[in-house]
K.L.:
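Starting off with a structure, shown below.
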Amino acid sequence: MTVRSMDNGMPGRAELRLGLGEDELQFKASVERLLARDYGVERRRVALANGGFDPDFWQQLAELGWLGACFPEPLGGYGQSANEALILLEQFGRALVLEPLLGAVLVPGAALLAGGRADAHGALIDGLIAGERRLALAWSEQGRRGARRPRLTSAVRDQRGWCVNGVKQTVLNAPLADTLLVSAIAGEDSVLLLVPHDAPGVSLIEYTTIDGQPAADLRFTNVVLPDDALAAGPERCERAMDAAMNWGAAGACAEALGAMDAALELTLEYTGTRQQFGQKLSGFQVIQHRLAAMATELEYSQALLPLLAAHLDGNGADRSAQIAGIRARIVGSARCVVADAVQLHGGIGVTDEAAISHYFRRVTALEQAWGSARQNLERYRQGRQGYDPLRLQ
Amino acid sequence: MTVRSMDNGMPGRAELRLGLGEDELQFKASVERLLARDYGVERRRVALANGGFDPDFWQQLAELGWLGACFPEPLGGYGQSANEALILLEQFGRALVLEPLLGAVLVPGAALLAGGRADAHGALIDGLIAGERRLALAWSEQGRRGARRPRLTSAVRDQRGWCVNGVKQTVLNAPLADTLLVSAIAGEDSVLLLVPHDAPGVSLIEYTTIDGQPAADLRFTNVVLPDDALAAGPERCERAMDAAMNWGAAGACAEALGAMDAALELTLEYTGTRQQFGQKLSGFQVIQHRLAAMATELEYSQALLPLLAAHLDGNGADRSAQIAGIRARIVGSARCVVADAVQLHGGIGVTDEAAISHYFRRVTALEQAWGSARQNLERYRQGRQGYDPLRLQ
Amino acid sequence: MDAIDTPRIQAFRREVRDFVAGQLPEAIKQRTRQGFHVSKEDMRDWTAILHRQGWSAPHWPTAYGGTDWSPLQRMVFDIELALGWAPAPSPFGLHLIGPVIYTFGTEQQKQRYLPGILDGSQFWCQGYSEPNAGSDLASLRTSARRHGDRYIVNGQKIWTSQAQYADMIFCLVRTDGSGSKQSGISMLLIDMNTPGVTVRPIITQDMSHYVNEVFFEDVEVPADNLIGEENAGWRYAKFLLENERTASAYLPQAKQDMNRLREMIGALEGEHGPLSEDPVLDSQCAELELELAAHEMTIYRILTDNARSPSAAAASMIKIRGARLQQRLSSLWNEVLGVHALPLFTPGADSSYGEPGAAGAMSQFLIRRAVSIYGGTNEIQHSIIAKRGLHL
Amino acid sequence: MDAIDTPRIQAFRREVRDFVAGQLPEAIKQRTRQGFHVSKEDMRDWTAILHRQGWSAPHWPTAYGGTDWSPLQRMVFDIELALGWAPAPSPFGLHLIGPVIYTFGTEQQKQRYLPGILDGSQFWCQGYSEPNAGSDLASLRTSARRHGDRYIVNGQKIWTSQAQYADMIFCLVRTDGSGSKQSGISMLLIDMNTPGVTVRPIITQDMSHYVNEVFFEDVEVPADNLIGEENAGWRYAKFLLENERTASAYLPQAKQDMNRLREMIGALEGEHGPLSEDPVLDSQCAELELELAAHEMTIYRILTDNARSPSAAAASMIKIRGARLQQRLSSLWNEVLGVHALPLFTPGADSSYGEPGAAGAMSQFLIRRAVSIYGGTNEIQHSIIAKRGLHL
């Protein structure tokens, strides 16, 4: 990661690159190729019907080494910067890939790395990269919105190790994970613990989210874990959660960008075909201008992706706030674009059968999972240092 | 004033009437008639060139008894409720009347009435009603936005009476007023004092505002006033300022409603005439939809006027907050409508010559003078009791 | 000089409120409150309860079992029902075809159909849109050819809500293809059990089944089931649309939504304490409260003929804004729920997972993308305002 | 893989910044800072200073006195000038007609006109719009008939900025009325001192004089003043528009505006303490900061050919958004100033009344209603995006 610090000490983000490098362009092309060839509507439909996951596809990702692109080299991955992961996610968003690269690998992976005990969990990371293991970050609790500090899940340390009790609610991807990364309150502090899915005392109520992801409510009853289940101790837990949430927020933006792009394309196609009052919908001036506004939103949102990457790779004190700000701008746009896309499709747009409705649901889920535009704007407002997210001056 | 209190004790506003009564309809018609006949573009232009005021017109208003419509009967006026004043102001807004009914009579009048010493100032009120006297509320201070508590103007009481020192800035209508109603800090408290324009120690720097109103920065240097210059003592000053500000906020809304209506009319006229690309502007679908949206904003804004009147006439504990809320909604709309009106006029819309630009400037001034949509929304948010401005339940 | 808070109206409001509190079965109330889609049985049962009070069709003339309430009073009634978490009755009989039947129908049609609508026992659906006649409704192609005392109907309707429940469908059909698009249309009442009628579900993005395609293949319909005159169907269709010009404003719904929002906010906490103390969320609520107030006042002005715009234009305005309010309010539920908004509502589930009420709320959020589309898209409504309000 | 913060660019940024800090006369700086409209003299003097450094026309080829800076570098240059409160030079010579002359002009035209543009001594204005040819520019009617070695020009131009200062005007004129609207247009360079040229001021709503009507009554123009070929003027006009595709994005302006906003916020207090601590205002600022960041990133992507949209469409996007930013930023000044925003700026006044800088800010707010109109209205820009970006 290239983190440059200018002489005024300001940026705290990596170099701001406006395009992709040669390697990145090749990587992007190969992702596009694979998805176009192997990830069609039919395969997705089958996966949807089978709990939202296609193990063969996941294995394919691992074999291509793409899961490793999300981890830095010293840990066995080959990720150079945030760019590879964002490229992957953008293309996944465009192709509406169900499989939880972000939720099962990147987000918990970021927490592991920032938790400071990654060395102790080398086998787990190897397993993630090999596609043999999957994690889910269990942080959200009943009656609490976006509250990152655990309260309803506790961990007590005694001679046996850790004993976990409590509940988590609406945990995305939990049914797919062999191990849950659980935030718990430990006395005055918080910790992150690795809880095997099948540990005695763990129970799940499983269900599906609006975009076809498996999810669950979790209950922990006297779940006993060894000492080395610790992924982030009290002194690193907040940092680990921030890293995870930053990746969730940012990665979801990349997916939303891909989804917006596809949504615009679908809408252009539909309005260019559908006839009303004796002409194509796209012949109406009002429709044309709406499509132009959607294209503008997309252009402006895509332009922020390099900035997001630079902040993800950076070490600025207000990194979380900067990511939140960019997220606010992108998810706000994405929400408008997919809503307009549905509107321009008319009745067909709200049916399950129409591809556009899947984009709408996906973008909605990407916003809900990691904080709305307004919530992120407020996070930016309160946490930013300086008034220029680009930090060029 | 009819203030009904329901058995659950909630409303604190007057009866919510959806239309005007017979008397009010007649009054409105007579105002419309007079303005159509006597307040043309030419007369306004002359008044603009002469300091923004036409004394003959003002005298006419007084003779018609319209200035009295703004004061309750016991004080020599014949105002029954807020409605008469709002009707007048709405029509003034539509005709773009320059003369400061709101600033020179209603706002300071409201402060006088709420200040609790109206009886002591009967001659002044008689003079206001007769059109012989005019007030200006001097409250705004340098470097302070919307701050109602005075800080830079002080009043000290001694054996001679009151001694006033300090400055006020951007005082609307001050050049037209024979007497200034000045907020001043008196020890820990605030007071409102009546300061003759020509009292020794008063100096003005006069200028014009963007909508052609005379205004001034004021300086008071050891201005000595008799005891009975007091318009609101410490215990009533805040209430008097609130009453004045509520009238300013609400009255400006009525003017803005009239201005929006006229702006839409002018724009319909212009776009129905102006040709581009071989057809009338109003033939383009995008323009039609924009005009439809403007008409919708206007309809929705006008609908709030009765609610504004009911809160003005009411005695609810959160009356100021409710008025602020309605104001937020109306001035937000008005700002959009006049901006769209200018946009649809194209180049001509930003010239001094075009009537529409005067409406734009007027609506801008009405927003600036009494708080923006955002500021008022926040005031509503913080001060409201209950979540239903209508209070019907 | 109509007032909306006269003692008479307030007393009426309380009467309705007490009625709902006393008569609405608790189980139905809880289902409505959780945002579940209203079932056929709940609609039927609640309509029957209202009917026993003489209140199932307040907008009908008393002669046909309605009331003499003013439009304002009827709106108050609808609002109180919604605020008491009563389910909305099926509109197709009570609000759409009922008034057409008692205005243009034959005596026989009135006797045959009105009672079942009034007591909630008979369900109707509306056969208007077709695959190539959506916004451009008049291009519909479903044909009805006269053969003696019967029509033979062939064609397809789409977006037919509640067709899976319905006993009857009222259909716009083409009886003459020679003149202008509007002139050859007729209105037929068709029994859904007639051979040749097929219903195919359309699953919407909330994974629920409200709407359908309805296919007609050589369906024989007695000529007695024609409404009014042949080829005059466009006129009845317009009457039907304009008959309830404020129904499309969703005011009762929006007020219910606002209560739901307040309940949700009261039940959750955010990162820095109770959500009810979150100023950013509160600011969004404040804005919507004021928007709702403007919407409500506009509707009351329309109902009392105090509005500025001609009624056709005003109806389009409140349709657009009502739809926007419904969409914005349900977005705010999402804002409040965060990740908890995401579970998919499974019809028939007892909601044992996730945040209470969340799945129903999300289901509403998803289906409400349709409110700015059906009954004339926002774009069509803007054109109506331009044409009929501004004469462009 | 272009980076915008390479050491080379950052060093260049500092070089420009130091230059402005050292060379911009304090009086000019203060006038710009207060938001006063830039006078002819300030434009002239500052252009001369830049010229001495070789920086008056960075976008011109070095052969004509320009630089070899990359587009990105030139944007950095423009931004640094704006942030240092340098006045914007007159664009008509440097940005509009200059490149046309060195690209399509004759040797004689180059020698005659380019030096005065470069050193700021000669002022130009642009004769495009006409009373009935605004958005629909190609319907222009000002005619030029050829008589031997002269053209005789008759007609009227409108919205001509700086015509009152200008020595020369470049004009689109109709030399052939027979073909399509676009095909009979030529571009002429006309000396403003020619008999028959009359300038009439148009006062804008900020009560200032920037724009004019220009009348031509039998104005004799040497045929040598024709640009390129007769009837090919539309081509040069398009070249001129597309030549500086990011100039219309107002990025330097927006960044200057943001600094002005921060200064204002720092100087005032509100009802509950310093305005810098007002969360509602701060939230509005935060939103605009992010919007500006997106705008800036989009422009850099365009400059480095990394944008998604075709360049003509992208240019329209940044024109629309840049205009909106300018309008929103100046609205925020008003938000900050409250009633203090209202004094009218009187040209020539020393601003001895009202809040410091307020009158200049309001003046900017008022005139900026025009930025979404001139150079192609927002509506026209949307149509361009639809056509050239989406191929509709």
Side-chain angles (χ1 to χ4, degrees), chain A residues 2 4 6-7 11 13 15-22 24-25 261 264 268 271-272 280 282-283 285 287-307 310 322 325-326 328-330 332-333 374 377-378 380-382 384 386-393, chain D residues 1-7 9-10 13-14 17 72 76 79-80 83 255 258-259 261-262 279 282-283 285-309 313-314 316-318 320-321 378-379 381-387 389-392:
Chain A
T2 356
R4 282 197 322 101
M6 280 166 54
D7 47 6
R13 57 153 173 76
E15 195 173 71
L16 186 46
R17 294 186 295 141
L18 299 166
L20 299 177
E22 201 49 54
E24 292 163 332
L25 283 170
D261 201 344
L264 176 59
L268 283 167
T271 55
K280 286 187 301 189
S282 66
Q285 196 186 30
I287 308 291
Q288 290 182 350
H289 284 206
R290 188 86 62 90
L291 289 163
M294 290 164 70
T296 307
E297 281 300 338
L298 177 56
E299 184 76 57
Y300 269 60
S301 298
Q302 281 189 346
L304 286 170
L305 194 57
L307 188 57
Q322 293 296 334
I326 300 165
R329 183 65 186 64
I330 291 177
S333 283
R374 276 298 278 267
L377 177 65
E378 182 63 8
Y380 168 73
R381 182 185 84 71
Q382 287 184 14
R384 76 199 193 279
Y387 304 107
D388 181 3
L390 268 62
R391 309 200 153 166
L392 290 170
Q393 290 166 47
Chain D
M1 204 173 121
D2 318 79
I4 174 70
D5 48 4
T6 60
I9 292 187
Q10 295 295 9
R13 187 187 295 280
R14 278 191 297 274
R17 188 174 300 182
L72 204 56
V76 168
I79 289 172
E80 286 303 322
L83 293 181
K255 293 182 71 86
M258 189 60 90
N259 279 4
L261 177 65
R262 301 290 352 160
D282 195 39
S283 180
C285 290
E287 218 176 321
L288 279 194
E289 286 158 29
L290 295 164
E291 182 62 25
L292 178 54
H295 187 57
E296 192 167 356
M297 288 297 293
T298 302
I299 289 164
Y300 295 152
R301 295 222 307 168
I302 292 172
L303 290 173
T304 56
D305 294 318
N306 280 301
R308 178 185 177 280
S309 306
S316 290
M317 290 175 179
I318 58 177
I320 293 169
R321 292 300 183 101
N378 274 0
E379 290 72 26
Q381 303 297 343
H382 275 96
S383 291
I384 293 173
I385 298 167
K387 190 172 169 191
L390 306 176
H391 312 293
L392 302 177

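Reminder, nothing fancy here: chain letters follow the sequence lines and each chain counts from 1.
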K.L.:
Check D/R321 with A/E297, please: is the shortest side-chain N to carboxylate O separation under 4.0 Å?
P.N.:
yes
K.L.:
Would you mind checking if A/D388 and D/R262 are paired as a salt bridge, meaning a charged N to carboxylate O distance below 4.0 Å?
P.N.:
no
K.L.:
Does a side-chain heavy-atom distance below 4.5 Å link D/M297 with A/L16?
P.N.:
yes
K.L.:
If the threshold is 4.0 Å, N to carboxylate O, is there a salt bridge linking A/R381 and D/E287?
P.N.:
no
K.L.:
Is there a side-chain contact between A/D261 and D/R308 in this structure, where contact means two heavy atoms from C-beta onward sitting under 4.5 Å apart?
P.N.:
yes
K.L.:
Assess whether a salt bridge exists between D/R301 and A/E299, defined as any Lys/Arg side-chain N lying under 4.0 Å from an Asp/Glu carboxylate O.
P.N.:
yes
K.L.:
Taking C-beta and beyond as the side chain, do A/R384 and D/E289 meet within less than 4.5 Å on heavy atoms?
P.N.:
yes
K.L.:
Using 4.0 Å as the upper bound for N to carboxylate O, is an ion pair formed by D/D5 and A/R13?
P.N.:
yes
K.L.:
When only pairs under 4.5 Å are counted, which of D/I320, D/L290, D/L392, D/I385 shares the most heavy-atom pairs with chain A?
P.N.:
D/L290
K.L.:
Tell me, for D/H295 versus chain A, whether the close heavy atoms (under 4.5 Å) come from the side chain, the backbone, both or neither.
P.N.:
both
K.L.:
Just so I understand: if I count every heavy-atom pair under 4.5 Å between each of A/L377, A/T296, A/T271 and chain D, which residue has the most?
P.N.:
A/T296
K.L.:
Out of D/I9, D/L72, D/I299, D/D282, return the one with the most heavy atom pairs under 4.5 angstrom to chain A.
P.N.:
D/D282
K.L.:
So A/L392 and D/Y300, do their side chains get closer than 4.5 Å, heavy atoms only?
P.N.:
yes
K.L.:
Is it the side chain or the backbone of A/Y380 that comes within 4.5 Å of chain D heavy atoms, both, or neither?
P.N.:
side chain
K.L.:
Counting heavy-atom pairs under 4.5 Å to chain A, which of D/M258, D/H391, D/E379 comes out on top?
P.N.:
D/E379
K.L.:
Against chain A, label D/E291 side chain, backbone, both or neither, depending on which of its atoms sit under 4.5 Å from a heavy atom there.
P.N.:
both
